Amino acid sequence: MATVPVTRRYTASAVLWVGVFLAIPLWRELHEPSQLFWNIFLAIFLFTLILGTFFGLRYLQRIGAKVFEARFTSPDEDG
């Protein structure tokens with residue numbers, strides 16, 4: 001069990017990864033040159049996605065959220 005790292009570098013790198021590997025490819029794929037309102041909506045959506053990543057990580061860092069290991073159990077075949 002570990003906590004979310006409380007460094008600015010971790011937050012900045014996570015926001016950068018979301019921007020580079022999610023927001024930019026989505027903009028390139030969904031951008032329509034002749035659709036002004038769609039492009040404005042898409043830009044606002046992608047910007048809020050990046051902001052949500054930033055503020056979400058800051059929240060998890062502030063409360064000291066713990067990251068647990070997922071454990072799966074299978075039913076006993078003997079019982």
Side-chain angles (χ1 to χ4, degrees):
M1 149 173 65
T3 60
V4 176
V6 188
T7 61
R8 290 184 182 186
R9 183 177 182 185
Y10 178 78
T11 306
S13 65
V15 169
L16 182 66
W17 279 95
V18 167
V20 169
F21 289 105
L22 190 63
I24 292 174
L26 282 174
W27 175 261
R28 291 181 57 143
E29 181 67 28
L30 299 174
H31 174 72
E32 294 290 334
S34 62
Q35 301 293 326
L36 178 65
F37 292 116
W38 168 250
N39 292 333
I40 291 171
F41 170 76
L42 182 62
I44 291 170
F45 176 78
L46 295 175
F47 185 71
T48 56
L49 178 71
I50 293 171
L51 276 179
T53 302
F54 174 76
F55 286 117
L57 278 174
R58 296 292 293 172
Y59 173 75
L60 292 175
Q61 290 172 343
R62 189 179 59 225
I63 66 169
K66 304 267 188 224
V67 179
F68 294 97
E69 178 182 342
R71 295 180 184 238
F72 301 97
T73 59
S74 59
D76 292 334
E77 294 182 14
D78 298 335

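Along the sequence shown, the residues carry numbers beginning at 1. Keep in mind it's a predicted model, so treat the numbers as computed, not measured.
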### Query
Mind checking whether L26 and I24 sit in one hydrophobic cluster, side chains of I, L, V, M, F, W, Y counted as touching below 4.5 Å?
no
### Query
Can you get from Y59 to L49 by hopping between Ile, Leu, Val, Met, Phe, Trp and Tyr side chains that sit under 4.5 Å apart?
no
### Message
T53: which residues meet the side chain to side chain donor-acceptor pair (under 3.5 Å) condition with it, sequence neighbours left out?
### Response
none
### Single-linkage hydrophobic cluster, 4.5 Å side-chain cutoff, F54 and F45 together
yes
#### Entry: Within one Ile-Leu-Val-Met-Phe-Trp-Tyr cluster: V6 and F55, side-chain cutoff 4.5 Å
no
#### Entry: Member of V15, L16, L22 meeting the side chain to side chain contact (heavy atoms under 4.5 Å, CB included) criterion with V18
L22
### Task
Please name the pair of heavy atoms, one in Q61 and one in T7, separated by the smallest distance, quoted to 0.1 Å.
NE2-O, 3.6 Å
N/O donor-acceptor pairs under 3.5 Å from side chains in residues 36-44, not counting sequence neighbours:
{"unit_1": "W38", "atom_1": "NE1", "unit_2": "L30", "atom_2": "O", "d": "2.7"}
{"unit_1": "N39", "atom_1": "OD1", "unit_2": "H31", "atom_2": "ND1", "d": "3.3"}
{"unit_1": "N39", "atom_1": "OD1", "unit_2": "E32", "atom_2": "N", "d": "3.0"}
{"unit_1": "N39", "atom_1": "ND2", "unit_2": "E32", "atom_2": "O", "d": "2.5"}
{"unit_1": "N39", "atom_1": "ND2", "unit_2": "Q35", "atom_2": "O", "d": "3.0"}

### Smallest separation among heavy atoms of A14 and L57, with atom names
CB-CD1, 3.2 Å
### Task
Work out which heavy atom in P25 is nearest to a heavy atom in V20; give both atom names and the distance.
CD-O, 3.2 Å
